[in-house]
Amino acid sequence: MTGRTHAVVVGGGMAGLCTAAVLAGHFPRVTVVERDRISELRPGVARRGVPQGPHVSLLALRGIQQLDALFPGLLSQCLADGAVAAEAGSQVRVTFHGHRLRQNDAGLDILLASRPFLEERIRARVLHDPAVTLLEGTHASALLADRNHSGRSGVRGVRVHSGQADAAGRELAADLVVDATGRGARSGAWLAQLGYEQAPEQGIPADVSYASRHFSLPPDVLGTDRAVVIGATQQQPLGMTFVAQEAGTWVLSLQSYSGRRPPRDADELLAAAAEIAPADVMRHLRGAEAIDPVSVHRFPSGIRRHYQRLRRFPTGLLVIGDAICSINPVYGSGMAMAVAQAIELDDCLGRGGPLAPRFFQAAHRTTRQSWRVAACGDYSINQGNRASHVLGACFRRTMAAAARDPAVATAVVQLIGLTASPRQLARPGILRRILVPGR
């Protein structure tokens, strides 16, 4: 891309902030257009544009590593500000399909913090760069585009509106526009308006509702454990995550599947938790001070948009983050995928040549593993086709082996944390342990 003077990122969430940080290394001016009024937010409070913000936000291990590479010293700052460190193999209790994974030191350190806590610190890093400007309380309604002699469109900016009273809006010229507005992104409609095909979509039925509440508890209330994760099953369509977070808080998040009504108030939340939670967790929850009301969020399905399959795409436009791939938040991969895609964008901009085809191929590679993990997990709970039943059966068999075998348990933790490929589970030594109990 030649003549780089100004880039616009639509959406100021995790994907948008990471993208802005990358673009600031290639453009002298970067503008982030964000619908929410960031300056009016109270610290630690989830903003309206991130409905999953009050709920548990796990960051996959690979995402933690890449985030610290993108923002050097960020993790040390988070820990100094009160975030909780944990070792993924030995300090996290995980139960999938009735099988509790064997806890052992996998040498994989993780960071436990709320989504608002992490986003606030990343936003401060990004906006500290003089090249980056935030337009808060502003939304983009349409692309600005020109057609060349061959009939192809080139995006030259966006039309933005500051509040409902600004009906006409104004033009914001840019050499590159990146849509980071999440799974509900308008990129598809914008492409159709310019005469382009929309990206083919793939889905994973999740049909899950989240109900969460924060409690004031010390990080060592469960001894050395810093998180308890219990996955739902077809027989028990209720899952639970209980995780330590910053400033002496824990978040209890229940996941209700298959049309089960999520808890709506404090009594319902504790009653539902008592169905599956370990005794020590319930003992502490019943005596804990709650610091916010119960929040509920529904997630209907995972969506993956295959932009890499499009043969025609307008110059000057990209899509990133959940707008490309959005999966069930329980797997903790959303933020990790956003960071990975931003790093791929940095590489693509540094190499030159046609940007969109190269970036979308790279972004597709960054989502494959997370999509497969989500498919195995969600299809093992919800009814699907024959292939999904096979995936679910493999998932259950693997979890049974991970309950008794530390090597399999470590491989599962690495897979979910995106630090290892699914091929690791197919290695002869690991596969033998899964298929032949006692070997």
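Heavy atoms only: backbone and side chains are in, while hydrogens, waters and symmetry mates are out. Since this is a predicted model, take the numbers as computed values, not measurements.
- Contact record, Ala20 with Val32: CB-CG2, 3.7 Å, taken as the closest heavy-atom pair.
- You'll find the side chain of His364 stays beyond 4.5 Å of the side chain of Arg309, heavy atoms only.
- Looking only at side-chain heavy atoms (C-beta outward), Asp292 and Arg213 come within less than 4.5 Å of each other.
- A distance-only check finds a donor-acceptor pair linking the side chain of Gln341 to the backbone of Gly321 [under 3.5 Å].
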Checklist entry - Where do Thr249 and Val251 land on the side-chain contact (heavy atoms from CB on, under 4.5 Å) test, with the steps shown first? => result CA-CA 7 Å; Thr249 63; Val251 58; over 6 Å; no
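- Across Val126 and Leu17, no two heavy atoms sit closer than the pair CG2-O, 3.5 Å.
- Of all the heavy atoms in Ala336 and Gln66, the pair that sits closest is O-OE1, 4.2 Å.
- Using a 4.5 Å heavy-atom threshold, the side chains of Arg115 and Met14 count as touching.
- Separation of atoms CG (Leu118) and CD (Glu246) is listed at 9.0 Å; rounding is to 0.5 Å.
- A donor and an acceptor atom, one from each side chain of Glu344 and Thr366, are nowhere located under 3.5 Å apart.
- Salt-bridge check for Arg156 with Asp175: failed, with every basic side-chain N at 4.0 Å or more from each acidic carboxylate O.
- In this structure, the side chain of Trp250 does not engage the main chain of Ala227 through any donor-acceptor pair within 3.5 Å.
- A cation-pi arrangement is absent between Arg260 and Tyr257, since the terminal nitrogen or guanidinium carbon is not both under 6.0 Å from the aromatic centre and inside a 45° cone about the axis.
- Among all heavy-atom pairs drawn from Thr19 and Ala342, the shortest one is N-CB, 4.1 Å.
- Between Thr398 and Phe96 the shortest side-chain heavy-atom distance does not fall below 4.5 Å.
- Under a 3.5 Å cut-off, the side chain of Thr233 and the backbone N or O of Gln236 do form a donor-acceptor pair.
- With values rounded to the nearest 0.5 angstrom, Phe313 atom CZ is found 9.0 Å from Tyr196 atom OH.
- Using a 4.5 Å heavy-atom threshold, the side chains of Ser256 and Arg261 count as separate.
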Item to check | Worked check of side-chain contact (heavy atoms from CB on, under 4.5 Å) between Arg29 and Thr5 | outcome: CA-CA 6 Å; Arg29 291 176 54 227; Thr5 60; 5.9 Å; no
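- Of all non-hydrogen atoms in Gly154 and Thr315, the two that sit nearest each other are CA-OG1, 3.3 Å.
- Looking at Gln91, its side chain does come within 3.5 Å of a backbone N or O of Glu87 through a donor-acceptor pair.
- Note that CZ of Phe359 and CD1 of Ile324 are 4.5 Å apart. Values are rounded to the nearest 0.5 Å.
- Side-chain atoms of Asp207 come within 3.5 Å of backbone N or O of Gly259 as a donor-acceptor pair.
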Checklist entry - For Phe71 and Cys18, what are the C-alpha separation, side-chain angles and deciding distance, and is it a side-chain contact (heavy atoms from CB on, under 4.5 Å)? => result CA-CA 9 Å; Phe71 302 101; Cys18 292; 4.1 Å; yes
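- Ser209 OG to Leu254 CG: the interatomic distance, rounded to the nearest 0.5 Å, is 11.5 Å.
- Within a 6.0 Å radius of CD in Gln193, other residues, nucleotides and ligands contribute more than 12 heavy atoms.
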Checklist entry - Is there a side-chain contact (heavy atoms from CB on, under 4.5 Å) between Ile276 and Thr95 once you walk through the steps? => result CA-CA 10 Å; Ile276 58 173; Thr95 301; over 6 Å; no
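- Proximity of Val92 to Val243: side-chain heavy atoms (C-beta onward) are nowhere separated by under 4.5 Å.
- Nearest heavy atom pair, residue Ile320 against residue Ala180, reads CG2-CB, 3.6 Å.
- By the 30° and 60° cut-offs, the orientation of the rings of Phe360 relative to Tyr307 is parallel.
- With a 6.0 Å cutoff to the six-membered ring centre and a 45° limit on the axis angle, Arg183 counts as a cation-pi contact of Phe299.
- Side-chain N or O atoms of His55 include none that pairs as donor or acceptor with a backbone N or O of Ser253 at under 3.5 Å.
- Put simply, CD on Glu275 and CD1 on Ile230 are 11.5 Å apart, with the number rounded to the nearest 0.5 Å.
- Between Thr181 and His139, the closest side-chain pair of non-hydrogen atoms is not below 4.5 Å.
- With hydrogens and angles disregarded, a donor-acceptor distance shorter than 3.5 Å links the side chain of Arg305 to the backbone of Ala323.
- Rounding to the nearest 0.5 Å gives a distance of 9.0 Å between CG of Leu23 and CG of Asp346.
- A distance-only check finds a donor-acceptor pair linking the side chain of Asp68 to the backbone of Leu75 [under 3.5 Å].
- Under the 3.5 Å distance criterion, the side-chain polar atoms of Glu171 are left unmatched by any main-chain donor or acceptor of Leu144.
- For Arg123, the CZ atom counts as densely surrounded, since its 6.0 Å shell holds more than 12 non-hydrogen atoms of other residues, nucleotides or ligands.
- With Arg125 contributing its side chain and Arg121 its backbone, the two residues share no donor-acceptor pair below 3.5 Å.
- Residues meeting the side-chain contact (heavy atoms from CB on, under 4.5 Å) test with Gln202, sequence neighbours left out: Arg304, His306, Trp371.
- Counting heavy atoms from C-beta on, the side chains of Arg186 and Val10 never come closer than 4.5 Å.
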